[in-house]
Every structure is written in C-alpha cells, then in structure tokens.
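Below: the structure, in structure tokens.
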Amino acid sequence: MNNDNLTQEIKEKVKNLIAESYKDLKPQLEKELKSFLETSAEKLERWAILYTHKNISDQELEWLLKSQLDLLSLQSLQSAGISKIKFNTLKNNIVKLILEIILSLIIKRN
C-alpha cells in the first residue's frame, strides 16, 4: 500500500466532505486536515498494513483512528465556536471516511 496514495485520497475525500457539509468551517478544517495528515501519515499507513494482514480488527482500527483524531487539539474549531455535537459528528464522519478509503485500497490491491 502506497502511503502517498492513502494520504492523497484521504485529503481529497475529506476536502469534499468539508465542502459539502461544513462550508462555514472550511478554512479551519482544511488547516486541521493538513496538520492531521502531516502528523498521522506514517501511523495511517502502518495501521492500514496491519488491518490488511488481519493483525487488527475493524474495531481496533476505528479506535486507533478516533484516538489519533482526539490527539489533535482542533483549537481553531473550538475557537470558532463549533458545538460538541457538531464536532463529534465531524470526527465520526472523518473516521468512517478513512475506514472506507482503507477498505477500498485493500480491495483494489487484491
């Protein structure tokens, strides 16, 4: 699995999600997305490989993704006044999207 492909696909699809559902927060979210990908690219690749080889389960991968997103302070979102409910919805949507991307890359590879 190519780390650049994974990172690029995540970037593109999350940007589309932001453009469709979170237009009012687009500048802050794009900044946070860039930061997330810079700090998480290696981990995402490693987790995708572990998942591909069935060394971690769906639930473990989801937990790892959620915990990685939790590590980001998302300070700009908090200062923008995003509600906790909207923030959690956004985070869950990003986790689901990344899971779908990893699954699609695994299927393409096989």
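In this chain, numbering begins with 1 at the start of the sequence shown. Side-chain atoms are counted along with the backbone in the values below, which use heavy atoms only and exclude waters and symmetry mates.
- Looking only at side-chain heavy atoms (C-beta outward), L29 and L90 come within less than 4.5 Å of each other.
- Among residues at least two apart or in separate chains, salt bridge (charged side-chain N to carboxylate O under 4.0 Å, His left out) pairs with a member in residues 10-23 are E9-K13.
- How far OG of S21 is from NZ of K86: 9.0 Å, rounded to the nearest 0.5 Å.
- At distances below 3.5 Å, at least one donor-acceptor pair connects side-chain atoms of S104 with backbone N or O atoms of I101.
- Of the inter-residue distances, the one linking L97 atom CG with N93 atom CG reads 8.5 Å to the nearest 0.5 angstrom.
- The distance from the OH atom of Y22 to the OG1 atom of T89 is 5.5 Å, given to the nearest 0.5 Å.
- Expressed to the nearest 0.5 Å, how far OG of S40 lies from CD of E45 amounts to 13.0 Å.
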All N/O donor-acceptor pairs, side-chain side in residues 58-65, below 3.5 Å, sequence neighbours left out:
residue	atom	partner	partner atom	Å
D58	OD1	Y51	OH	2.3
Q59	OE1	S57	OG	3.4
E60	OE1	S57	N	2.6
E60	OE1	S57	OG	3.4
E62	OE2	K66	NZ	3.3

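- With rounding to the nearest 0.5 Å, the separation of CD1 in I102 from CG in L44 is 6.0 Å.
- Going from atom NZ of K91 over to atom CG of L69 covers 7.0 Å, rounded to the nearest 0.5 Å.
- Not a single salt bridge (charged side-chain N to carboxylate O under 4.0 Å, His left out) links K96 to another residue, sequence neighbours left out.
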